[in-house]
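Numbers restart at 1 for each chain; the letters A, B, ... are given by sequence-line order, proteins then strands. Note that the structure is a prediction, hence the values are computed from the model and not measured. Keep in mind that the numbers below use all heavy atoms, side chains included, and drop hydrogens, waters and symmetry copies.
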Amino acid sequence: MGERAPPKRIPQVNVRKISPDFCEFVLSDTDPSVANALRRVMLSEVPTLAIDLVEIEVNTTVLNDEFIAHRLGLIPLVSQRVGEFTGAYDTNDDEENALMDIVFTMDVKCTGDDTLDVTSNDLQLDHNFQDIHPVAYHPSGMPMDPEAERGVLLVKLRKGQHLKLKAIARKGIGKDHAKWQPVATVTFQYMPDIRINQALMDTLSEEQKLEWVRSSPNPVFRVNPVTAQVEVLDAEAYRYDGEVIAKAKAFGKEGLVSITPRQDMFIFRVEGTGAMPTQQIVLSAIEVLLRKLDTLQQSLASEAAPMAVDNL
Amino acid sequence: MVTRNENAVTFSVQDEDHTLANPVRFMLNKNPHVSFTGYSITHPAEKILNLRVQTTGEITSTEAFRQALNSVIDVCQHVKSPVCSLFSNTAMAAMKVVELFCHC
């Protein structure tokens with residue numbers, strides 16, 4: 001172990017693509033453990049809103065009560081305002097006015113001869129929170145664009161079947177139940193560091209070069225039409241399959257290319273469910289991580305203080 | 001905390017898991033005064049984390065742990081600021097898109 005601490009690196013963030021549903025950014029100059037911590041927090045500890053408690057008044061459908069309650073819980077709710085709410089297990093001194101419940105109601109009865117689809121569009125919103133609604137919500141009565149979202153299908157009704165319930169939504173985190181997960185998926189990829197040994201490459205014939213380039217299932221390399229050299233087309237398309245390495249070995253030219261994952265550059269891809277814009281998910285994740293670290297720091301300070309006194 | 005001497009300490013942390021432990025362990029390893037560090041989660045059903053820190057004696061284990069925590073906090077702050085500013089430029093435009101998407 002060296003005597004000098006390594007120089008501190010300042011992490012860089014470069015956003016590549018951003019839309020409310022999908023975001024791609026490159027995080028560099030930091031460690032895989034931090035990148036993984038960010039990914040884990042985005043998945044399991046960013047709070048969102050979801051239906052948590054269902055009071056069923058009438059259910060003559062083919063699905064039983066808990067089945068429908070389960071499906072209701074999984075409906076993604078627009079959760080941009082989740083910061084204003086208190087979770088069921090959050091410690092809070094001012095208990096009296098803690099914002100907790102959002103109450104939805106639903107009352108659907110099938111009267112016609114056709115099968116009636118009950119979807120998330122049939123949920124009636126809470127009067128106090130008109131902006132908290134299922135993602136892609138088109139309540140009946142509004143002009144329905146047939147190509148627009150039809151809502152999440154909950155149950156189908158036959159003539160005479162009736163579903164009436166009250167659903168209470170609360171704040172929670174993915175760790176407790178996957179319904180509170182704000183992302184459909186979040187991945188990070190190590191940026192590959194690809195080095196082609198051009199001297200060895202030049203010992204290959206034209207057809208061999210083409211064959212080698214084509215052996216990669218993803219378009220990572222190409223033969224430059226002008227210089228007839230093999231070059232890297234898109235390093236990020238590389239999926240760490242060993243195909244090109246195996247092909248080089250088959251040619252008897254081991255060491256033709258060396259591909260190592262860079263331990264300090266990560267491409268994050270965040271795909272949201274529509275509950276929150278992806279910017280909010282990433283920012284929330286960092287804030288949650290900072291809060292956890294602060295809590296740990298405080299408890300370390302209070303734990304260690306009595307010990308320090310003893311050692312005087 | 002389970003202590004034999006202040007330079008070789010096992011911290012037992014409640015309600016935390018790999019999400020915090022791995023970065024903290026990494027930062028601890030980078031500290032030149034730390035001779036050994038590691039963490040273990042004895043059983044996934046119990047939310048208890050054991051973090052072992054042994055130092056060369058120049059600083060106490062608690063101090064090393066504190067420094068490592070500060071390092072991780074620094075990294076998070078550094079990630080947060082560009083994310084905040086980068087995203088806020090597109091946030092206004094994106095919010096409008098979200099509204100159109102949800103309120104038609």
Close side-chain approach of Leu283(A) and Cys84(B), heavy atoms under 4.5 Å: yes
Determine which residues belonging to residues 284-292 of chain A lie within contact range of chain B, meaning some heavy atom pair is under 4.5 Å apart, and list them by number or answer 'none'. Ile286(A), Glu287(A), Leu289(A), Leu290(A), Lys292(A)
Going from CG on Leu296(A) to CG on Leu20(B), what distance comes out if it is rounded to the nearest 0.5 angstrom? 6.0 Å
What's the verdict on side chain to side chain contact (heavy atoms under 4.5 Å, CB included) for Thr30(A) and Val79(B), showing C-alpha distance, side-chain angles and the deciding distance? CA-CA 9 Å; Thr30(A) 183; Val79(B) 174; 5.6 Å; no
Honestly, the part of Glu16(B) sitting under 4.5 Å from a heavy atom of chain A is side chain
What donor-acceptor contacts under 3.5 angstrom involve side-chain atoms of residues 32-43 of chain A, with partners at least two apart or in another chain?
from	atom 1	to	atom 2	distance (Å)
Asn36(A)	OD1	Arg39(A)	NE	2.9
Asn36(A)	OD1	Arg39(A)	NH2	2.9
Arg40(A)	NE	Thr19(B)	OG1	2.7
Arg40(A)	NH2	Asp17(B)	OD2	3.1

For chain A, find which of Cys76(B), Ala21(B), Ser81(B) contributes the most heavy-atom pairs closer than 4.5 angstrom. Cys76(B)
